[in-house]
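Worksheet: the structure to be examined is printed underneath.
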Amino acid sequence: MSVVYDIEAVTKHYPGAAAPANDEITFTVARGEIFGLLGPNGAGKTTLVRQLSGLLRPTSGRITLFGTDVTAHPHVVAEHVALQPQSPAALLDLTAAEAVHHTGRLRGLTTVAARAQTAALLALLGIDQLAARRVRTLSGGEKRLVSLAVTLVADRPVLILDEPTNDLDPAARRLVWDHLRKLNAEGRTIILVTHDVAEAERVIDRVGLVNHGRLLALGPTAELRRRVDQRVRLDIALPEHTDPVLDELLADAGDQLVRDGDRALLLVARDRVRDVLDAVADRIGPTGLSDLRVQGPSLEDVYLQLGGRDRLG
Ligand SMILES: Nc1ncnc2c1ncn2[C@@H]1O[C@H](COP(=O)(O)OP(=O)(O)O)[C@@H](O)[C@H]1O
Ligand SMILES: [Mg+2]
């Protein structure tokens with residue numbers, strides 16, 4: 001296995017913050033994988049990828065890219081990595097085409113090559129009609145696609161994408177995921193940040209789940225999901241006021257992940273599902289149950305089980 005990034009005990013304290021935004025984070029990213037960093041808002045994902053990109057210095061710990069320390073040698077990042085930032089602040093005053101073209105030139109393309117790649121990328125992402133528009137005037141989803149085109153120009157071997165599908169409509173999301181998968185199949189290493197677990201689950205090879213600055217779990221997607229595989233997820237919409245006996249029953253039924261006033265989300269052993277549903281139905285009567293979903297386990301369940309309290313999506 002050839003290592004692209006080696007991240008060792010990275011901690012980031014923002015001045016004045018009570019808790020670290022990244023707390024002793026350690027993992028490696030191998031060449032050719034799609035690595036997903038998942039976690040709720042505020043988990044520390046953007047802080048981490050800004051450090052991977054050399055835009056922010058770790059308070060302590062060490063990040064190497066192809067064996068070279070990125071803090072001491074930020075040029076290695078520029079050479080190998082393209083970051084799609086969470087918001088494209090630097091591009092706002094350019095047109096979409098200028099943003100892609102200039103970035104291509106900065107990354108060493110000739111004018112002719114930059115022009116050709118700009119046209120090809122805008123067409124590929126379905127935004128050629130936006131070429132002459134100032135980025136500032138575009139919608140959130142359009143900005144996101146332009147910033148992806150900027151990231152992809154001049155073809156860096158390592159892509160870091162911070163919430164690449166936020167604000168995109170379903171068709172654009174599909175286009176982006178499909179294209180990322182294609183780029184990966186052609187050999188690019190991709191690190192992507194998302195809180196959209198359901199979608200990411202289909203694309204990523206390996207996952208780091210983060211919350212409160214800590215890496216809560218790390219492993220291949222399938223392996224993390226297997227941790228909850230012998231169980232089923234019950235998502236039950238309850239009447240606003242349930243009786244204490246029902247609360248007790250739900251608490252005993254399995255791992256209770258969410259219990260709000262009118263909602264219970266549980267992980268229940270497969271062979272207990274029927275009993276639990278029967279017992280719930282007995283307590284609340286035939287009209288009490290307004291919605292019930294039974295699902296196979298997902299990455300989100302793993303995350304919730306590991307102590308994540310905030311919902312991911
Ligand atoms: N520039 C900054 N200065 C101070 N605190 C920050 C800064 N950027 C982020 N934070 C804080 O660090 C934590 C992690 O933020 P962030 O890395 O943006 O999380 P995520 O990308 O997972 O939503 C949050 O508590 C956030 O408020
Ligand atoms: Mg973020």
Side-chain angles (χ1 to χ4, degrees), residues 5 7-27 29 34-63 65 70-71 74 77 81-92 140-141 143-148 150-151 158-168 173 176-177 180 190-201 203-204 206-219 221 224 298-300 302-313:
Y5 268 111
I7 296 126
E8 270 179 53
V10 165
T11 294
K12 179 67 191 179
H13 270 283
Y14 288 111
N22 286 165
D23 192 356
E24 301 267 328
I25 291 189
T26 298
F27 63 97
V29 176
I34 304 191
F35 183 87
L37 271 173
L38 307 189
N41 287 330
K45 308 180 298 295
T46 293
T47 298
L48 184 59
V49 298
R50 286 175 57 80
Q51 292 174 102
L52 296 180
S53 313
L55 298 174
L56 200 64
R57 288 172 89 92
T59 308
S60 62
R62 198 172 118 92
I63 300 171
L65 171 63
V70 304
T71 311
V77 180
V81 178
L83 167 72
Q84 180 184 16
Q86 195 168 358
S87 66
L91 309 175
L92 294 178
K143 281 194 186 100
R144 189 81 52 178
L145 291 170
V146 171
S147 91
L148 183 60
V150 167
T151 309
V158 181
L159 303 173
I160 302 182
L161 311 165
D162 197 346
E163 313 249 10
T165 58
N166 256 20
D167 307 320
L168 298 186
R173 276 168 191 255
V176 168
W177 288 128
L180 292 179
I190 300 179
I191 298 173
L192 68 88
V193 166
T194 183
H195 57 245
D196 197 334
V197 184
E199 282 181 12
E201 207 166 346
V203 178
I204 56 198
R206 217 156 53 89
V207 185
L209 290 173
V210 289
N211 200 8
H212 304 300
R214 293 225 184 82
L215 194 59
L216 298 178
L218 178 71
T221 314
L224 285 192
S298 73
L299 271 186
E300 185 175 24
V302 180
Y303 159 80
L304 287 166
Q305 217 188 356
L306 286 165
R309 282 285 161 257
D310 325 279
R311 304 297 315 282
L312 287 170

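Whatever order the structure lists them in is the order used to number ligands and atoms, beginning at 1. As the structure is a prediction and not an experimental result, all values here were calculated from the model.
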Using a plain distance cutoff, I'd like to know if Ala21 has any nitrogen or oxygen under 3.5 Å from a nitrogen or oxygen of ligand 1.
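Among all N and O atoms of Ala21, none is under 3.5 Å from an N or O of ligand 1.
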Can a donor-acceptor pair be found, under 3.5 Å and without considering hydrogens, that links the side chain of [X] to the backbone of [Y]?
{"X": "Arg57", "Y": "Thr71", "answer": "no"}
{"X": "Arg144", "Y": "Gln86", "answer": "yes"}
{"X": "Asp162", "Y": "Val193", "answer": "no"}

Original post:
For ligand 1, is there an atom lying under 4.0 Å from some heavy atom of Gly39?
Top reply: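 Outside the 4.0 Å threshold, so no.
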For [atom], what's the nearest protein heavy-atom neighbour? Residue, atom name and distance, please.
{"atom": "atom 18 (O) of ligand 1", "answer": "Thr46 CB, 3.7 Å"}
{"atom": "atom 16 (P) of ligand 1", "answer": "Thr47 OG1, 3.7 Å"}
{"atom": "atom 1 (N) of ligand 1", "answer": "Tyr14 CE2, 3.6 Å"}
{"atom": "atom 19 (O) of ligand 1", "answer": "Gly44 N, 3.1 Å"}

Please determine whether Thr47 has a backbone or side-chain N, O or S atom lying under 2.8 Å from the Mg ion (ligand 2).
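So Thr47 does not bind the Mg ion (ligand 2) by this criterion.
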Does any N, O or S atom in Gln86 come within less than 2.8 Å of the Mg ion (ligand 2)?
->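 True for Gln86.
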Out of curiosity, [X] [atom1] to [Y] [atom2], how far, rounded to the nearest 0.5 Å?
{"X": "Leu83", "Y": "Thr151", "atom1": "CG", "atom2": "OG1", "result": "7.0 Å"}
{"X": "Arg50", "Y": "Leu55", "atom1": "CZ", "atom2": "CG", "result": "5.0 Å"}
{"X": "Tyr5", "Y": "Ile160", "atom1": "OH", "atom2": "CD1", "result": "3.5 Å"}
{"X": "Ile63", "Y": "Gln51", "atom1": "CD1", "atom2": "CD", "result": "5.0 Å"}
{"X": "Thr47", "Y": "His13", "atom1": "OG1", "atom2": "NE2", "result": "12.0 Å"}

* Atoms in ligand 1 flagged as close to Asn41, the criterion being non-hydrogen separation under 4.0 Å ->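 Every atom of ligand 1 under 4.0 Å from some heavy atom of Asn41: 23 (O).
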**Study point:** atom 14 (C) of ligand 1 protein-contacted, heavy-atom criterion under 4.0 angstrom
**Key:**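 Within 4.0 Å of atom 14 (C) of ligand 1, protein heavy atoms are found.
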Worksheet item: From atom 27 (O) of ligand 1, is the closest protein heavy-atom distance below 4.0 Å?
Response: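 It does not; no protein heavy atom is within 4.0 Å.
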* To do: Could you check which of Pro40, Gly42, Gly16 puts a non-hydrogen atom nearest to atom 24 (C) of ligand 1?
  =>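 Residue with the shortest heavy-atom distance to the ligand atom: Gly42.
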